[in-house]
**Q** 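The structure is given below, and queries will be raised subsequently.
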Number of protein chains: 2
Amino acid sequence: MRKESSTNTLNRNKIHVNCGMAYTLDLIGGRWKPSILWALLDGKLRYSELKKNIPEVSERILVLQLRELEKDGLIKRKVYAEVPPRVEYELTNDGQSMKPMLQCISDWGEQHRPDKKN
Amino acid sequence: MRKESSTNTLNRNKIHVNCGMAYTLDLIGGRWKPSILWALLDGKLRYSELKKNIPEVSERILVLQLRELEKDGLIKRKVYAEVPPRVEYELTNDGQSMKPMLQCISDWGEQHRPDKKN
DNA sequence: TTAAGTACTGACAAAAATGTAAGTAATGAG
DNA sequence: CTCATTACTTACATTTTTGTCAGTACTTAA
């Protein structure tokens, strides 16, 4: 949770105003968000499929990260009125519009991380 | 400081191995790192100039972020043996190689943040 | 002797992010 | 009636990040 008036939060918001980079990075910068976005680049996935894709994450955190991505308009959540439940996640248009940027970020990482295989 | 064996840290490292995006974002994702990198894109700056560029940050945090960027090989620190002291920061080659990516991240932010001026 | 300038450092505190373990709701199958 | 299935939620604990405030070291200039 975020205290609206902590220096920490105020700073965050001030930075967004004069640094587009900081704004973007705040949206995609959570621990598991890159993995989630990456998985969704190929199309929609059910909650359980996301979990399989990202085995290390706990359910609580996965849901938290999904909710934030949804709140920030990068993914949408579609619930089917079935039992057992079915929920699908997919990128919104804004999320799709990140594709080239995400690819670029990924490429830089692949090329520069120390333990890459030659 | 980081406890090398917490689940938190282990997860961070595991993610790096199979998600280049996550690796990159970890390097540039600190609160003030985008602002610092952005300022250094135009050339080297003294510590005091960086401070002027980013007035909100406290000295302690500014130094912390600079040290991390340095440790991760994105910037270099050059000390002149003068009094009063002079220290200059500039991008390394790896830092320079981020330029197009950083521009891309910045552009996305400028175009999508809610409170942009039309 | 005192002050000014620069680039910090240290002790401490608050806030935010991440993780663990267990539990819930609805329904159809056996 | 019990179990399996799916997508979560809740209470709690730990770890990490960010921030505050005061102080330091060195030398030159007044």
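Each chain gets a letter, A, B and so on, in the order the sequences are listed, and its residues count up from 1.
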**Q** Who passes side-chain hydrogen bond (donor to acceptor under 3.5 Å, both in side chains) against A:Arg60, sequence neighbours left out?
**A** none

**Q** So what does A:Tyr80 touch, heavy atoms closer than 4.0 Å: a base, only the sugar-phosphate, or nothing?
**A** nothing

**Q** Does B:Arg77 have a side-chain nitrogen or oxygen under 4.0 Å from the phosphate oxygens OP1 or OP2 of C:dC8?
**A** yes

**Q** For nucleotides 18-24 of chain C, list the nitrogen or oxygen atoms of the protein found under 3.5 Å from its nitrogen or oxygen atoms, one pair per line.
**A**
from   : atom 1 : to      : atom 2 : distance (Å)
C:dT18 : OP1    : A:Arg31 : N      : 3.1
C:dT18 : OP2    : A:Gln65 : NE2    : 3.2
C:dT18 : O4     : A:Arg60 : NH2    : 3.2
C:dG19 : OP1    : B:Asn11 : ND2    : 2.4
C:dG19 : OP2    : A:Trp32 : NE1    : 2.8
C:dG19 : O6     : A:Arg60 : NE     : 2.7
C:dG19 : O6     : A:Arg60 : NH2    : 2.6
C:dT20 : OP1    : B:Thr7  : OG1    : 3.3
C:dT20 : O4     : A:Arg60 : NE     : 3.2

**Q** Treating Ile, Leu, Val, Met, Phe, Trp and Tyr as nodes and any side-chain heavy-atom pair under 4.5 angstrom as an edge, say whether B:Tyr80 and B:Leu66 lie in one connected cluster.
**A** no

**Q** With respect to the phosphate group of D:dT16, does any side-chain polar atom (N or O) of B:Ser6 fall under 4.0 Å of OP1 or OP2?
**A** yes

**Q** Relative to each other, are the rings of B:Tyr47 and B:Tyr89 parallel, tilted or perpendicular (30° and 60° limits)?
**A** tilted

**Q** Side chain of A:Arg46, heavy atoms from C-beta onward: which of C:dC8, D:dA7, C:dT27 has the nearest atom to it?
**A** D:dA7

**Q** With 3.5 Å as the limit, what N/O pairs link the protein to nucleotides 1-3 of chain C?
**A**
none

**Q** Counting only side-chain N and O atoms of B:Ser48, is one of them less than 4.0 Å from OP1 or OP2 of C:dA7?
**A** yes

**Q** Between B:Lys51 and B:Glu49, does any side-chain N to carboxylate O distance fall below 4.0 Å?
**A** no

**Q** Going through the checks in order, is the side-chain contact (heavy atoms from CB on, under 4.5 Å) test met by B:Asn53 and B:Trp38?
**A** CA-CA 10 Å; B:Asn53 254 282; B:Trp38 195 250; over 6 Å; no

